[in-house]
Number of protein chains: 2
Amino acid sequence: MPRKLSALDPQRLDNQICFAVYSAAHAFNRVYKPLLDRLGLTYPQYLVMLVLWERDDVPVKDIGEKLFLDSGTLTPLLKRLEAAHLVKRTRSREDERQVLIALTPQGHALKEKARAVPHSILAASDCSVSELVAMKDEIVALRDRLNAVIGE
Amino acid sequence: MPRKLSALDPQRLDNQICFAVYSAAHAFNRVYKPLLDRLGLTYPQYLVMLVLWERDDVPVKDIGEKLFLDSGTLTPLLKRLEAAHLVKRTRSREDERQVLIALTPQGHALKEKARAVPHSILAASDCSVSELVAMKDEIVALRDRLNAVIGE
DNA sequence: GTACATTCAATTGCGAACAATTAAATGTGA
DNA sequence: TCACATTTAATTGTTCGCAATTGAATGTAC
């Protein structure tokens, strides 16, 4: 294959949208790191807290469905959040298979400390809100099409 | 805050582009998994192979710069590729700090077996090539702006 | 009401990802 | 030359992410 056609070679790293997404996710992670260190959270832990700040006292499964994560990831993560006194884990009385995750007062309070985080990310993105919203919607649509394929 | 303004709440999970990127990366990973299982590769290993298929016999550092990964990730990964007889690791004679990564014949041969992978991903994306290229360019530009902030 | 299947969380094991440190090789300045 | 800084890969330790399995609770069919 001639070199001038490399821009069309689907087997080239730089032509793959998945690598763009993969490397952008890591770049976001690196920007978040210093911000979340101050809150004592990792990025996946921050995602769980975002879910709980919207709605509290939910089973592990609900958190997993929103974040596309399973119990193998969430169980140890939630135990670390419990060890940090941010959440409480209790078996549901109605259905003893479920473990309900509730925020502690410290967990609720952390929401205020985290309020500045999205603005810092927006600044680092160096991009207008409307552009970011448009990109976000495109990426979510792509993600949902990919997830639809997985479920056959 | 009234519920009708939730679409503007920057602290809501669904309003965050980083979660869109994060969850899209995982969705890609799940689509790749069955395809790469047949090649005996994980997705990060596949990325390293893409780099090597473009240019062979390069130091670990070069691979790290292209993939935004450090030696803590690459050293064990490359050892697994070596154990699978896909690459060879040799100290450079000119600069003994460097370890050069070269493809074995099996490593070269795997490129042909991997040729169908990008097409399968394109099909799963359920999207035109031109749309994907446009999205890819936007995401890469965003990633590069984020990485620029990290380097201050 | 007793088999059977399903659901849910936890567990185990493996492969990333990264911070922090170490050690060796190389480069630089006095 | 010698002291010092820089570069490069490897190592250690922690946290994700997921496949596969386990075990307990619940639901369903007969």
Side-chain angles (χ1 to χ4, degrees), chain A residues 19 22-34 36-37 39-49 58-65 67-84 87 89-101 147 150, chain B residues 18-19 22-34 36-37 39-49 58-65 67-84 86-87 89-101 147 150:
Chain A
F19 175 62
Y22 168 91
S23 55
H26 290 317
F28 267 120
N29 212 336
R30 285 189 283 269
V31 173
Y32 269 104
K33 183 102 186 15
L36 296 181
D37 277 350
L39 305 178
L41 295 174
T42 65
Y43 181 65
Q45 289 169 7
Y46 173 67
L47 291 180
V48 169
M49 294 303 286
V58 291
V60 174
K61 186 173 192 293
D62 286 21
I63 300 174
E65 281 173 358
L67 300 181
F68 305 98
L69 297 172
D70 68 2
S71 68
T73 301
L74 287 175
T75 295
L77 188 156
L78 290 167
K79 285 184 177 178
R80 284 187 281 272
L81 287 181
E82 187 175 45
V87 306
R89 300 161 61 249
T90 52
R91 287 257 160 212
S92 165
R93 245 85 65 235
E94 299 88 62
D95 184 343
E96 297 219 343
R97 291 170 301 183
Q98 297 184 343
V99 168
L100 299 179
I101 308 299
N147 278 331
I150 296 163
Chain B
C18 46
F19 175 63
Y22 168 91
S23 54
H26 290 317
F28 267 120
N29 211 337
R30 285 189 282 269
V31 173
Y32 269 104
K33 181 105 188 12
L36 296 181
D37 276 350
L39 305 177
L41 295 174
T42 65
Y43 181 67
Q45 290 169 7
Y46 173 67
L47 291 179
V48 169
M49 294 302 286
V58 291
V60 174
K61 186 175 193 292
D62 286 21
I63 299 174
E65 283 174 356
L67 300 182
F68 306 97
L69 297 173
D70 68 1
S71 68
T73 301
L74 287 174
T75 295
L77 188 156
L78 290 166
K79 285 182 177 178
R80 282 187 281 271
L81 288 180
E82 188 175 43
L86 295 173
V87 307
R89 298 160 64 248
T90 52
R91 288 261 161 206
S92 165
R93 247 82 68 237
E94 299 89 60
D95 183 343
E96 297 219 343
R97 292 171 301 185
Q98 296 184 344
V99 169
L100 298 179
I101 308 299
N147 279 331
I150 296 164

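Chain naming here is simple, since letters A, B, ... match the order of the sequence lines and numbering starts at 1 in each. Small disclaimer: the values here were computed from a predicted structure and weren't measured.
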Round to the nearest Å and state the distance from I101(A) atom CD1 to dC8(C) atom C1'.
12 Å
Spell out protein contact along nucleotides 9-25 of chain D as letters: B when the base is contacted, S when just the sugar-phosphate is, - when no protein heavy atom is under 4.0 Å; keep the 5' to 3' order.
BBB---SSBB------B
Counterpart residues, side-chain hydrogen bond (donor to acceptor under 3.5 Å, both in side chains), relative to K33(A) (two or more places apart)
D37(A)
Suppose we screen for side-chain hydrogen bond (donor to acceptor under 3.5 Å, both in side chains). Which residues come up paired with R97(B), at least two apart in sequence or across chains?
D95(B)
Contacts table for residues 68-81 of chain B: side-chain donor-acceptor under 3.5 angstrom, sequence neighbours left out:
residue: D70(B); atom: OD1; partner: G72(B); partner atom: N; Å: 3.2
residue: D70(B); atom: OD1; partner: T73(B); partner atom: N; Å: 3.2
residue: T75(B); atom: OG1; partner: S71(B); partner atom: O; Å: 3.0

For the pair made of OH in Y32(A) and P in dC18(C), what is the distance, rounded to whole Å?
16 Å
For D62(B), what residues pass the side-chain hydrogen bond (donor to acceptor under 3.5 Å, both in side chains) criterion, not counting sequence neighbours?
none
For E65(B), give me all partners under side-chain hydrogen bond (donor to acceptor under 3.5 Å, both in side chains), at least two apart in sequence or on another chain.
K61(B)
